[in-house]
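To start, the structure itself, in structure tokens.
Remember, it's 1-based here, ligands and their atoms both numbered in the order they're listed.
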Amino acid sequence: MIRKIDKRIGILTAGGDCPGINAAIRGVAKTAILEYGMNIVGISNGYTGLINKEYFDIQESDISGILTLGGTILGTSREKPFKKGILQNEINKPKLIKDHYHHAKLDGLVCIGGNGTMRTAALLAQEGMNIIGIPKTIDNDVWGTDVTFGFDSAVNIATEAIDRLHTTANSHKRIMIIEVMGHHAGWIALYSGVAGGGDIILLPEIPFDEKIICKYLDHRAQIKKAYSIVVVAEGIDKPKKVKAGDYIAKMISDNLDYETRVTVLGYLQRGGTPSPTDRILATRYGAHAVDLIAEENFGQMVCILNNKTASIDLSEVQDKTRLIPEEHSLIKKARRIGTCFGDLMP
Ligand code: F6P
């Protein structure tokens, strides 16, 4: 039985894409249409779609079959409408967004994205628009939630890559470096590094000492460990234009005489079908977002806290990044099994 709530809801997806976005769009749209009888409007290419008046009605049939699909059927962009700049001053983008939100006769807007998207969402909420945020990113660094969808899929992909590097590293007795995504936070490196049995894991959150890294790699060779795997987050401390993996490889080859190879996993981490965990998480987020709209509890980001669906004020999330705490239990456990984080000899 439909509990008819007469509302017209916009959905947009902004920032870098990740597996699970379509599952979240489906979660929002199906709950809104089937449970509440709401109307859904898809906005193209993130906030750009509201600036350029690119939106269209979505029927339930339009979102059939998208649960397993990677990317986003709505398109995305990294448009930051509140960013000040010479050209930006010429057009008042926040005003256009508000005007077109009213033109589309929206009663609410669901913004699916990462930190940048949540910042814009918070500012739009402060301008009086009815906003709900849904956190997504492979980086898992959105403040205010225990987990974002996209992360589990990325960890699966990175772990499989590390598994494959083990066999080739062993055959050639090499040091294999794998660079994974994560500019500010090293969640992918930590989880895939532990899951894939990385010998050294380098995170933006833990300053490393090159002498420790080389000493540990040399020690492994001395005790007849045939090869070593080094998992590096792209955001480690290094000179600006150099890639993290290359930087570590050069550091090793300047000091040691072992064959070293670098693999940069790149956008493979963001593409393709979402893992079952991400499909479920995105569906939970989507349904909860619509419940908040039905209650008219706007200005919130849906979140997971201790495996329970909840929500947090967007103003609390704004301008924060969820980094790995130094004392994270997985770091402590990994240290106990001999994993080196570049700061201490195991
Ligand atoms: O979505 C987050 C992220 O994947 C980062 O880890 C990465 O550095 C960044 O996006 C790069 O994305 P783009 O090239 O699309 O800006």
Quiz item: Heavy-atom distance under 4.5 Å between the side chains of Pro204 and Asp237, does that happen here?
Solution: no
Quiz item: Does any N/O atom on Asp17 come nearer than 3.5 Å to any N/O atom on ligand 1?
Solution: no
Quiz prompt | Nearest protein heavy atom with distance in Å, relative to atom 14 (O) of ligand 1 | solution = Tyr267 OH, 2.4 Å
Quiz item: Non-hydrogen atoms of Arg78 versus ligand 1: any pair closer than 4.0 Å?
Solution: yes
Quiz prompt | Per-atom contacts of ligand 1 with Ile138, taking only distances under 4.0 Å to non-hydrogen atoms | solution = 4 (O)
Exercise. Could you list the atoms of ligand 1 found under 4.0 angstrom from a heavy atom of Arg270?
Key: 1 (O), 3 (C), 4 (O), 9 (C), 10 (O), 11 (C), 12 (O), 13 (P), 15 (O)
Practice problem: Please lay out, stage by stage, how Ile9 and Leu109 fare under the test side chain to side chain contact (heavy atoms under 4.5 Å, CB included). | Solution: CA-CA 6 Å; Ile9 304 303; Leu109 176 65; over 6 Å; no
Exercise. Report the relative orientation of the aromatic rings in Tyr227 and His166; use parallel for angles under 30°, tilted for 30 to 60°, perpendicular for over 60°.
Key: perpendicular
Exercise. Applying side chain to side chain contact (heavy atoms under 4.5 Å, CB included), run through Glu234 and Val180 and close with a yes or a no.
Key: CA-CA 6 Å; Glu234 65 181 331; Val180 298; over 6 Å; no
Practice problem: Provide the number and element of each atom of ligand 1 under 4.0 Å from a heavy atom of Asp139. | Solution: 2 (C), 3 (C), 5 (C), 6 (O)
Quiz item: Could a heavy atom of Gly114 be found less than 4.0 Å from some atom of ligand 1?
Solution: no
Exercise. With heavy atoms of Gly182 as the reference, note each atom of ligand 1 found under 4.0 Å away.
Key: 6 (O)
Quiz item: Any side-chain heavy atom of Asp218 within less than 4.5 Å of one from Leu256?
Solution: yes
Quiz item: Heavy atoms, side chains only, cut-off 4.5 Å: are Arg284 and Ile304 in contact?
Solution: yes
Quiz prompt | Side-chain donor-acceptor contact under 3.5 Å, Asn22 with Arg279 | solution = no
Practice problem: Report, in ascending order of atom number, the atoms of ligand 1 lying under 4.0 Å from any heavy atom of Glu234. | Solution: 5 (C), 6 (O), 7 (C), 8 (O)
